[in-house]
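Structure first, commentary second.
Chain A is the first sequence line, chain B the second, and so forth, proteins listed ahead of strands; every chain is numbered from 1. Keep in mind that what you see is a predicted model, and the values were worked out from it rather than measured.
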Amino acid sequence: MEGTSRRIIELIRAIPRGRVATYGQIARMAGLPRGARQVARILHSSSRTRRLPWHRVINASGGISLAPGYGGELQRALLEKEGVVFLRGRVNLRRYAWRPTLTG
DNA sequence: AACCTGACTTCGG
DNA sequence: TCCGAAGCCAGGT
């Protein structure tokens, strides 16, 4: 596996419970400013997906991109179970976006 | 190598 | 706020 992919995996693993990150955010943090689709690809194809908090990655609008019937409801349920609140199908990124600044 | 395909994002109307 | 179009980029055919 290539280095950036590994970085992306590590970043996703670092998203804390009750917080979310966008595909684009993870991509930027991994050094791929326009690599949002690559983040999505890795989530979709990686056999390691089962070991990742994949449900904490959402789109730039604060919504769930995974189609209903293909994990969409599950993703929302998992997030809600962590205390993330949805309003009109979206989460408030101001409130729930992961900000890995303090305490590492 | 050309072409297609996304768990995306941004911009303009 | 809600689409549609265009941009993006790596992996699959």
Side-chain angles (χ1 to χ4, degrees):
Chain A
M1 176 176 285
E2 193 229 341
T4 51
S5 297
R6 200 173 68 77
R7 268 201 297 286
I8 288 172
I9 298 288
E10 294 305 317
L11 285 165
I12 294 172
R13 243 206 274 282
I15 307 172
R17 268 181 66 90
R19 308 306 291 276
V20 298
T22 69
Y23 299 91
Q25 176 186 354
I26 295 296
R28 286 191 298 276
M29 291 171 70
L32 298 171
R34 281 150 207 97
R37 308 196 81 139
Q38 283 55 258
V39 173
R41 173 191 312 291
I42 287 168
L43 281 173
H44 180 74
S45 64
S46 175
S47 60
R48 303 214 243 166
T49 292
R50 300 161 201 281
R51 294 173 148 262
L52 296 178
W54 58 271
H55 58 286
R56 298 183 187 140
V57 184
I58 62 181
N59 64 40
S61 302
I64 289 175
S65 292
L66 195 52
Y70 292 88
E73 287 97 347
L74 173 61
Q75 180 170 18
R76 174 166 174 161
L78 289 172
L79 285 175
E80 289 180 325
K81 191 156 54 178
E82 296 185 353
V84 176
V85 175
F86 280 75
L87 196 49
R88 291 180 240 113
R90 312 235 187 115
V91 313
N92 184 331
L93 288 176
R94 293 283 222 199
R95 179 133 91 186
Y96 296 104
W98 176 37
R99 293 185 187 77
T101 41
L102 319 165
T103 80

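The only member of I8(A), V20(A), T22(A), I15(A) that meets side-chain contact (heavy atoms from CB on, under 4.5 Å) when paired with V57(A) is I15(A).
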Base-contact (B) and sugar-phosphate-only (S) positions in nucleotides 6-13 of chain C, heavy-atom cut-off under 4.0 Å, - elsewhere: -BBBBS--

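Among all heavy-atom pairs drawn from A21(A) and I26(A), the shortest one is CB-CD1, 3.8 Å. Contact record, G71(A) with W54(A): O-CH2, 4.2 Å, taken as the closest heavy-atom pair.
R19(A) places a side-chain N or O within donor-acceptor distance of the main-chain N or O of Y96(A), the cut-off being under 3.5 Å. Without hydrogens or angle criteria, E73(A) side chain to P68(A) main chain gives no donor-acceptor distance under 3.5 Å.
Residues L11(A) and V39(A) form no side-chain contact, since every pair of their non-hydrogen atoms from C-beta on lies 4.5 Å or further apart. Using a 4.5 Å cut-off on side-chain heavy atoms (C-beta onward), R7(A) and M29(A) make no contact. Contact of the H55(A) side chain with the R76(A) side chain is not registered, since no non-hydrogen atoms from C-beta on lie closer than 4.5 Å. Considering only heavy atoms from C-beta on, I58(A) comes within 4.5 Å of Q75(A) through its side chain.
Listed in residue order, the members of residues 59-74 of chain A having a heavy atom less than 4.0 Å from DNA chain B are N59(A), A60(A), S65(A), L66(A). Only at 4.0 angstrom or more do the heavy atoms of residues 80-90 of chain A sit from any atom of DNA chain B, so none qualifies.
Two residues, Y23(A) and R28(A), neighbour DNA chain B, and the one matched to the more 5' nucleotide by heavy-atom proximity is Y23(A).
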Verdict with supporting geometry, L52(A) and I9(A), side-chain contact (heavy atoms from CB on, under 4.5 Å): CA-CA 8 Å; L52(A) 296 178; I9(A) 298 288; 3.8 Å; yes

